[in-house]
2 protein chains.
Amino acid sequence: METNSSGTSTRPRPGGRSARVRYAVHRAVTELLAEDPAESLTIPVIAARAGVHATTVYRRWGSVPELLSDIATSRFSGDVVVPDTGSLRGDLERWVGQVATDLADPDVLKLMRAAVGTGPLGCDACVADRHAQLAAILDRERSRGGAPPEVERTADLLLGPLYYRAVFIDRPAGPDWARTLVAGLLG
Amino acid sequence: METNSSGTSTRPRPGGRSARVRYAVHRAVTELLAEDPAESLTIPVIAARAGVHATTVYRRWGSVPELLSDIATSRFSGDVVVPDTGSLRGDLERWVGQVATDLADPDVLKLMRAAVGTGPLGCDACVADRHAQLAAILDRERSRGGAPPEVERTADLLLGPLYYRAVFIDRPAGPDWARTLVAGLLG
DNA sequence: TCCATATTGCAGTGATCGCTGCGTTTGGTT
DNA sequence: AACCAAACGCAGCGATCACTGCAATATGGA
């Protein structure tokens, strides 16, 4: 689909240097967020920390909100493996435990709060992949012949308490406590 | 204990004009947040909208995060009346419904996301009074002779899904749906 | 009414931000 | 190896920001 039909096209170039710059900028934002959360996260500061010129950041990302959304998307993708324990309850318990462990990292919390502050796009970047994983788990149960609850309801009752505790109460839940949420969902 | 023991003291002056300025600034921030969420919410812009000089805002609040925390605190205090229906279930159902209705306002969501983005203080400002209300409801049940669940657990299972849906999914729950959460808590 | 002072308005300064041409370097193709 | 376009570095511009003395005004009590 991305292959150009015309002779002259804009070929993206995900090669060596671009990837290096991208990683350096992501790392710089994470570090700055971890050091001083209340600091004014601005593009010149980010670029200086990353050892990259600010122009590059302006051209590739445009603004801090878009940059944060990009970071959140890549940070919250592929960090949790969808388990396959043979039963829906086992899958959900293990998965919720992983999510809780991930949420216990203070740096993750800071990134998430910053992303939320940029608006709906940043919020969606934090949970989009989680919902995809949940859908995969529920689909597998459905292929087993089971009748799992809806994705929305499952996310509300599992992810809701987890994210609420982490973001608003600033006291992330432990993996074992998180597993008890599954009992509340499946009865 | 704010009463001065010495003759010369710094008496706060919450009188007419100060209150007017405070209200104007709060209103200005709310308006700006509602108009363009991605806009750079800066103090000169806020002051201009409020018809107040920027110096005043710098002196009274110091920074945008502190201002947002103050606004969130006053916005999320006293907007919900703690009900007394005679039973714990009734109290919780009515209260959760009120919270859900409040969360359905898009402007409230924008304020909350902005406050979250400023760090733990802003987050706490959004939920502190909610927890106080919840504690009052549970205390009343305890005075009736009942054995209600803990405040923390109640907040996790009721406020968690509500806030998660509103903030992250951008699809606030209806009051009637919110009431079903009480069934999941009390069994 | 009148006074002490808390609070606001005003003008100005250094610093930083966001952004834009232009030349250089790198990556992928032929 | 040679070529071309994409991505990056560089220098500089206008605009805005955060902040600070000093003067003026409003507020609450005597």
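All of these numbers come straight from a predicted model, not from anything done at the bench. Note on naming: letters A, B, ... go to the chains in the order of the sequence lines (proteins, then strands), and numbering restarts at 1 for each one.
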Worksheet item: Could you give all pairs that pass the ring pair (Phe, Tyr, Trp, His ring centres under 6.0 Å) test and reach residues 146-179 of chain B, with sequence neighbours left out?
Response: Tyr163(A)-Tyr164(B), Tyr163(A)-Phe168(B), Tyr164(A)-Tyr163(B), Phe168(A)-Tyr163(B), Tyr164(B)-Phe168(B)

Contact list (N/O, under 3.5 angstrom) for nucleotides 23-25 of chain D vs protein:
none

Discussion item. Please confirm whether the shortest side-chain N or O distance from Thr56(B) to OP1 or OP2 of dT7(C) is below 4.0 Å.
Written reply: no

Practice prompt. Taking only Lys NZ, Arg NE, NH1 and NH2, and the carboxylate oxygens of Asp or Glu, determine whether Asp91(A) and Arg144(A) approach each other closer than 4.0 Å.
Written response: yes

Item to complete: Determine to 10° how strongly the helix from dT1(C)-dA30(D) to dT30(C)-dA1(D) is bent, judged from the axes of its five-pair ends.
Response: 40°

Practice prompt. Would you mind checking if Arg75(A) and Asp107(A) are paired as a salt bridge, meaning a charged N to carboxylate O distance below 4.0 Å?
Written response: no

Worksheet item: Does Arg130(A) come within less than 4.0 Å of Asp102(A), counting only side-chain N to carboxylate O?
Response: yes

Discussion item. Strictly below 4.0 Å: does His53(B) bring a side-chain N or O up to OP1 or OP2 of dC10(C)?
Written reply: yes

Worksheet item: Less than 4.0 Å between a side-chain N and a carboxylate O, is that true for Asp156(B) and Arg171(A)?
Response: no

Fill in: Residues forming a salt bridge (Lys or Arg N to Asp or Glu O under 4.0 Å) with Arg179(A), sequence neighbours excluded
none

Discussion item. If the cut-off is 4.0 Å, is Arg22(A) near the phosphate of dC8(D), judged by side-chain N/O to OP1 or OP2?
Written reply: no

Worksheet item: Hey, are the side chains of Leu33(A) and Val29(A) touching, using non-hydrogen atoms and a 4.5 Å cut-off?
Response: yes

Worksheet item: Looking at Arg60(B), does any N or O in its side chain come under 4.0 Å of the phosphate oxygens OP1/OP2 on dT8(C)?
Response: yes

Worksheet item: Just by protein heavy atoms under 4.0 Å, how would nucleotides 16-23 of chain C read 5' to 3' in B, S and -?
Response: -SBBBBB-

Discussion item. Going by side-chain contact (heavy atoms from CB on, under 4.5 Å), name the residues that satisfy it together with Val57(A), two or more places apart in sequence or in a different chain.
Written reply: Val25(A), Ile43(A), Ala47(A), Trp61(A), Leu67(A)

Item to complete: Could you tell me the separation between the OG atom of Ser87(B) and the CZ atom of Arg140(B), rounded to the nearest 0.5 Å?
Response: 11.0 Å

Worksheet, complete the sentence: Taken to the nearest 0.5 Å, the spacing of Ile137(B) CD1 from Leu88(B) CG works out to 8.0 Å

